[in-house]
Amino acid sequence: MTNDVVDLLNALREGTMTIDDVAEHFRTRKWPRRRRTPPTTYAELAAAELEDPDPYIPGSYDDVAAAFHQKKITREQFRVLSDAVAEAQRAEDAGEW
């Protein structure tokens, strides 16, 4: 199953889109996020350490990180795309869209 993030990353890898094109798409996209209440006590912190990692969310930053770890994008591409995701999230947090 593919999603728009994977499709954009594949287009970058295949050379049908530039890093600037993909980054622009990333900047104007709403990114799903994980929202958890942070632990406030030592017991909660210890319990959180024993929990399984959060599940994969299709169409999220997970896809960008996975592409980097699978060596489908370079370190520089990962940096540019990570910055674009962060810009989109900051704009969303600021209520800009």
Side-chain angles (χ1 to χ4, degrees):
M1 180 167 81
T2 64
N3 60 58
D4 63 325
V5 175
V6 170
D7 291 342
L8 289 166
L9 293 168
N10 287 338
L12 174 62
R13 187 170 180 206
E14 294 163 2
T16 58
M17 290 184 79
T18 68
I19 186 69
D20 293 333
D21 295 334
V22 176
E24 186 57 32
H25 281 280
F26 280 19
R27 279 186 203 95
T28 60
R29 179 180 193 286
K30 184 171 179 159
W31 292 88
R33 302 189 203 188
R34 291 182 173 85
R35 305 252 189 231
R36 281 189 161 185
T37 305
T40 57
T41 66
Y42 181 78
E44 289 175 355
L45 184 61
E49 281 296 314
L50 298 175
E51 291 179 5
D52 288 334
D54 291 325
Y56 163 74
I57 299 175
S60 73
Y61 181 74
D62 292 347
D63 291 320
V64 181
F68 173 69
H69 293 296
Q70 295 167 2
K71 301 189 184 322
K72 293 180 178 178
I73 59 175
T74 67
R75 181 177 303 277
E76 179 60 21
Q77 290 170 327
F78 180 62
R79 185 193 62 74
V80 169
L81 297 176
S82 294
D83 287 347
V85 172
E87 285 179 43
Q89 290 177 333
R90 283 191 297 270
E92 181 183 352
D93 291 345
E96 294 174 13
W97 52 277

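Rounded to the nearest 0.5 Å, atoms OG1 (Thr18) and CD (Gln77) are 10.0 Å apart.
Taking 4.0 Å as the cut-off between side-chain N and carboxylate O, Arg34 and Asp62 count as a salt-bridged pair.
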### Leu9 and Arg13: CA distance, side-chain angles, deciding distance, side chain to side chain contact (heavy atoms under 4.5 Å, CB included) verdict
CA-CA 6 Å; Leu9 293 168; Arg13 187 170 180 206; over 6 Å; no
### Task
Check the pair Asp7 / His25 against side chain to side chain contact (heavy atoms under 4.5 Å, CB included), numbers first and verdict last.
CA-CA 11 Å; Asp7 291 342; His25 281 280; over 6 Å; no
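Nearest approach of Pro32 to Gly59, heavy atoms of both residues: CD-O, 3.5 Å. Residues Ala88 and Arg27 share a closest heavy-atom pair of CB-O, 3.4 Å. The shortest non-hydrogen separation linking Ala84 to Ala23 is CB-O, 3.5 Å.
Residues Phe26 and Val5 meet the side-chain proximity criterion, which asks for heavy atoms closer than 4.5 Å.
With Leu81 as reference, Leu12 is the one residue of Leu12, Asp63, Leu8 to meet the side chain to side chain contact (heavy atoms under 4.5 Å, CB included) rule.
Seen from the ring of Trp31, Arg29 counts as a face-on cation partner, given the 6.0 Å and 45° thresholds.
Within 6.0 Å of the OH atom in Tyr56, the count of heavy atoms belonging to other residues, nucleotides or ligands exceeds 12.
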